[in-house]
Protein chains: 2
Amino acid sequence: MALLDLLGRRWALRILWELRDGPVPTFRELQQRCDNVSSSVLSERVRELRGAGIVSETGFELTDAGRELLTVLGPVDAWAKRWAKRARPPA
Amino acid sequence: MALLDLLGRRWALRILWELRDGPVPTFRELQQRCDNVSSSVLSERVRELRGAGIVSETGFELTDAGRELLTVLGPVDAWAKRWAKRARPPA
DNA sequence: CGGGATCCCCGACGATACTG
DNA sequence: CAGTATCGTCGGGGATCCCG
């Protein structure tokens with residue numbers, strides 16, 4: 001699955017997360033929100049997400065597809081949280 | 001998200017996929033189905049999936065949680081397929 | 001048959017410096 | 001400010017051998 005190839009990469013989901021509530025004004029701002037990730041990596045990741053049609057070509061915001069993705073990912077996230085609680089403490 | 005840490009790893013999803021229709025009899029068999037992945041990697045991945053409660057502790061089959069995961073992943077997969085068609089040919 | 005122990009390699013990531 | 005170029009590292013993945 002190529003999608004995981006993308007989302008599995010470092011900071012990819014974080015970027016999605018940071019853009020979830022609307023556009024982020026500047027590159028540097030996004031960089032700061034992402035724990036000051038290296039500009040090289042951030043730039044590369046954003047480029048990939050743009051290529052995938054998930055992030056807008058101009059500016060730093062999600063496309064419709066990006067928001068859709070967030071939606072389908074919701075249940076997975078929810079499941080992951082429940083899963084974490086029962087699977088993590090396998091004393 | 002730790003879940004992606006797991007599923008993003010190589011062969012993890014493939015293993016889920018290969019177990020989707022029921023147990024696979026032997027380690028070697030699963031290995032063959034997974035493109036003859038190295039035993040070291042397969043062993044490690046299965047161990048991780050077991051630790052996550054996704055694969056049964058004994059034998060090579062999904063747990064209830066594993067099947068649940070497959071379920072929530074369904075919509076994501078569906079979305080990914082649609083996404084692939086419109087995003088891939090960005091001629 | 002299941003899977004641990006080793007060794008090797010490559011690519012992702014990160015830091016830094018730099019340009020328009 | 002946005003983004004690229006370069007370089008070093010670190011770890012995951014793969015191949016292979018081998019044991020219980």
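For clarity, every value in this text was computed on a predicted model and none was experimentally measured. Order of the sequence lines fixes the chain letters, A, B, ..., with proteins taken first and strands second; residue numbering starts at 1 for each chain. What you see below is based on every heavy atom in this structure, not just the backbone, and it leaves out hydrogens, waters and symmetry mates.
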Between B:Glu48 and B:Leu6, what is the shortest heavy-atom contact and its length? CB-CD1, 3.8 Å

Measure from the side-chain N and O atoms of B:Ser56 to the backbone N and O of B:Thr58, and report whether any donor-acceptor pair falls under 3.5 Å. yes

Please round to the nearest 0.5 Å and tell me the distance separating atom CG of B:Leu62 and atom CG of B:Leu69. 8.5 Å

C:dG14, OP1 or OP2 - any side-chain N/O from A:Trp11 closer than 4.0 Å? yes

Can you tell me how far apart CG (B:Leu49) and CD (B:Glu44) are? Round to the nearest 0.5 Å. 10.5 Å

Contact list please: residues 41-48 of chain A against DNA chain D, heavy atoms, distance less than 4.0 Å, in numerical order. A:Ser43, A:Arg47

Please report, rounded to the nearest Å, how far the P atom of D:dG3 is from the CD atom of A:Gln31. 11 Å

Measure distances between side-chain N and O atoms of B:Arg10 and base N and O atoms of D:dG14, and say whether any donor-acceptor pair falls under 3.5 Å. no

Just how far is it from atom CG of B:Leu73 to atom CH2 of A:Trp79, taken to the nearest 0.5 Å? 8.5 Å

Rounded to whole angstrom units, what separation is found between the CG atom of A:Leu6 and the P atom of C:dA12? 13 Å

Validate the cation-pi geometry between A:Arg14 and A:Trp11: distance from NZ or CZ to the six-membered ring centre under 6.0 Å, angle to the ring axis within 45°. no

With a 3.5 Å distance limit and no angle check, can you tell me whether A:Thr63 reaches the backbone of A:Ile54 through a side-chain donor-acceptor pair? yes

From CD of B:Glu29 across to P of C:dC1 the rounded distance in Å is 10 Å

Ignoring the backbone of A:Phe60, work out which of D:dG3, C:dA12, D:dG13 is nearest its side chain. D:dG3

For atom CG of A:Asp5 and atom P of D:dG12, their distance in whole Å: 17 Å

Distance in angstrom units between A:Leu30 CG and D:dC1 C1', rounded: 13 Å

Length of the line joining B:Arg28:CZ and C:dG3:P, which is rounded to integer Å: 10 Å

Please tell me which of the listed nucleotides, C:dG3, D:dC1, C:dC13, lies nearest to the side chain of A:Arg9? C:dC13

Report yes if some heavy atom in the side chain of B:Val37 is under 4.5 Å from a heavy atom in the side chain of B:Leu30; otherwise report no. no

Contact list for DNA chain D against residues 32-40 of chain A - heavy-atom distance below 4.0 Å: A:Ser39, A:Ser40

Send over the distance from B:Leu4 CG to C:dA12 C1', rounded to a whole Å. 17 Å

Take B:Lys81 and B:Asp77, measure what salt bridge (charged side-chain N to carboxylate O under 4.0 Å, His left out) needs, and give me the verdict at the end. CA-CA 6 Å; B:Lys81 281 175 180 156; B:Asp77 184 49; 3.1 Å; yes

Gap between atoms CD1 and P, on B:Ile15 and D:dG13 respectively (whole Å): 11 Å

